[in-house]
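Please read the structure below before turning to the comments.
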Protein chains: 2
Amino acid sequence: MPKRSAPARKAAHASSSRVRPQIFMSSGMTAPFCWSWIDKFFFLIKYSKSRYNCYHSARQSEIVCDLPGITGMNESWNEHSGNHMNTANIAMRIGIVGIGQLGASLAARLRQIGCLYLAALTREEGKAEELRQSDLFDAVTTAPEEVIPLCDLVVLCPPPQYIVETGKNLLPHMRSGSLLTDVGSVKNAIVQALEPEALAAGVSFVGAHPMAGDERSGWQYYQADLYHDKLCFLTPTEQTPFEAVEIIRAFWQAVGCRILEVSAEEHDLACARISHNLHILAAAIVLQNLSPESRGADQAALAGIAAAGAFRDMTRIASADPGLWRGIIELNAEKTLTALDELMTELDRFKQVIANQDWEQLTRLFTQAKTLEDRWREDVSIP
Amino acid sequence: MPKRSAPARKAAHASSSRVRPQIFMSSGMTAPFCWSWIDKFFFLIKYSKSRYNCYHSARQSEIVCDLPGITGMNESWNEHSGNHMNTANIAMRIGIVGIGQLGASLAARLRQIGCLYLAALTREEGKAEELRQSDLFDAVTTAPEEVIPLCDLVVLCPPPQYIVETGKNLLPHMRSGSLLTDVGSVKNAIVQALEPEALAAGVSFVGAHPMAGDERSGWQYYQADLYHDKLCFLTPTEQTPFEAVEIIRAFWQAVGCRILEVSAEEHDLACARISHNLHILAAAIVLQNLSPESRGADQAALAGIAAAGAFRDMTRIASADPGLWRGIIELNAEKTLTALDELMTELDRFKQVIANQDWEQLTRLFTQAKTLEDRWREDVSIP
């Protein structure tokens, strides 16, 4: 990777950043675990803007990328898709638990940025053996006691419905003062169940949800850049030590994510709306059209032949792992029902307008949707 | 383009085709216009399978591609995406009416395959001037009488709600014995209104719907390969002369389409299900999530930041032209309401299952949808 001189780096910062990072020294830290941590970091850098106020600008990735998360002894600069990505040696021993697409991609990325020590914990010996061949980890095991006590940070990557149980089983093996985070796409149920037990064990848990991954599952589908420029929710509570949040933020930033802090409740409602109910919707479209039982063999065959680009895009996620999505919906049932109700209210509105043959109103609704969609695509730079 | 020898061509046919084409000579033709046409074609080739029975195999594009539509004096073979695409000089004078993405793409493709004469008819002088600069057409005009009487075939490409009116206005200018087709994504309303008047004017109208185009509108977005391997519905009636259907079939095949003949009613219901209600759905998802009026400014902003890949794909078509889609829904209101009701029934089923916390049943529904979706993707070769 090309290394830039300090003045060149400073100039790149000055031209692209709008928020000035401030150097935040360890002297301000209070929680005891931070003292054991801070010697592993050269320094941490912190926003000058308030945490809860940043999400309106969080889409501007240059801001996030200009806030180096973890800046270790070696610093390297990586011009990737036009952004100045800060990468750093992570002077932490990290355990990844549950190795699917998300866990393996995290490992690949951590390898890339020079993680000190990387351990994998999986349930199946066969999979452990495969992972040992992959060279993604320094250690792979099915026995938590072999690696978890060594880790400064443990990342829980099983399917969401197993995160709480897995976390609870690991806590007795974790060192006091160490950190725990997860990748669960549901947060409230996980945070509520896991954080008190973690704190009681002297471990700081910070709920995280990196919005990464696709409809495929399995560690074989790992990509080192899976997290690049993806949004990662952090859902600390009033109980979460501030410094733990800062380190976990820096960790996910180093992996490539943009960070957004919200409450777990707020997270779950937002994800029910823009993700969980879309999975139900995709499945519903498929069942409506392609199912010989509901549509008859001829109609289902005709739909399969006639289905084109819109159908392809709108049903892609129906290919996702059913067990994974059952777990997500189970953990977020109430908010998903709310989101489904909202969507059905919108559909009812369209039905009324069509039944009333109010074509002017239909044009207005389509125009409003197009304006919002086009603006969104412009904001997030989708071509 | 590389030219193959006749034996090589024959060998390619033999290895990939399952339906043997039969040579169909002009002697079997009855309608008078065919005699004026047939001298413009070297020969026509016709299915040995019955027309209405072919759609179960229509996805196998090698079959369609092995049935050369129009085989003119010059024949060229084009190895494009692994298929043997038959292209030919089209010895017809063709008029395209209404030049948006579809009309301009058709022109670009017809140019590529050596159309004899290509005329554009548009309503606006300013646009006509632009089109003259584009070199897509031999003639561009706003006056139907200047080009329509010269044309052997007229293709109606305005937005669907203007097709009937446009067609009726052109019929007085069309030569008796000439052909008329369209690209309207709704068929029953158009065929019912246009075919009787066309027949009365001695013109054969064959309703067509090539499922091509994307969410962008405007002739600037033309692509010569827009129709390549796309499905094109033909919706002839009992009144449509058989030979007219064969020539229009050959025309759309030469442009690159796979052909599927169904009734206009059957077409409209299928498209309401796999296309029209998806547009409403995309708009509904956008309005549910991104509208500050319905969701509040903060929630709408949060949704905009959190929305990821699934949202991007499922709302892409909300960017389509509102006027175009208002017209489509207006012409196909009844079937669209049916399709929306079916979809809402599916969504209700999911709601019940979630409300009852019947997670096994939820897994079954997701699994069923995944199986159908995966099989469909395999059938149509989506990676």
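Per chain, numbering begins at 1; letters A, B, ... match sequence-line order.
In summary, the side chains of A/Q357 and B/E330 do not present any donor paired with an acceptor at a separation below 3.5 Å, with no hydrogens or angles considered.
Taking the side chain as every heavy atom from C-beta outward, A/M314 and B/D313 never approach each other to under 4.5 Å. Residues A/L269 and B/Q299 are in side-chain contact: their nearest non-hydrogen atoms beyond the backbone lie under 4.5 Å apart. Two residues are said to be in side-chain contact when any heavy atoms from C-beta on lie closer than 4.5 Å; B/I285 and A/I274 fail this criterion.
Ion pairing between a basic and an acidic side chain is recognised when a charged N comes within 4.0 Å of a carboxylate O; B/R316 and A/E373 show no such pairing. Using a cutoff of 4.0 Å between basic side-chain nitrogens and carboxylate oxygens, B/D341 and A/K351 are scored as salt-bridged.
Partners of B/N188 by side-chain contact (heavy atoms from CB on, under 4.5 Å), not counting sequence neighbours, listed by chain and number: B/Q192, B/A264, B/E265, B/D268. A/D321 meets the salt bridge (Lys or Arg N to Asp or Glu O under 4.0 Å) test with no other residue; sequence neighbours excluded.
Contact annotation for B/S275: neither backbone nor side-chain heavy atoms come within less than 4.5 Å of a heavy atom of chain A. Both the backbone and the side chain of B/I280 come within less than 4.5 Å of a heavy atom of chain A. If you measure heavy-atom distances from B/L362 to chain A, the contacts under 4.5 Å come from the side chain alone. Within the 4.5 angstrom heavy-atom criterion, atoms from both the backbone and the side chain of B/D348 approach chain A. When heavy atoms are compared at a cutoff of 4.5 Å, B/R349 approaches chain A solely by way of its side chain, counted from C-beta outward. For chain A, the nearby parts of B/S291 are the backbone and the side chain; heavy atoms of each come within less than 4.5 Å.
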Evaluate side chain to side chain contact (heavy atoms under 4.5 Å, CB included) for A/D379 paired with B/I305, printing each intermediate quantity in order.
CA-CA 9 Å; A/D379 282 354; B/I305 290 163; over 6 Å; no
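Remark: side-chain polar atoms of A/K370 are not paired, donor with acceptor, to backbone N or O of B/A318 under 3.5 angstrom.
None of B/D374, B/T371, B/L372 except one satisfies the side-chain contact (heavy atoms from CB on, under 4.5 Å) rule with A/V286; the exception is B/L372.
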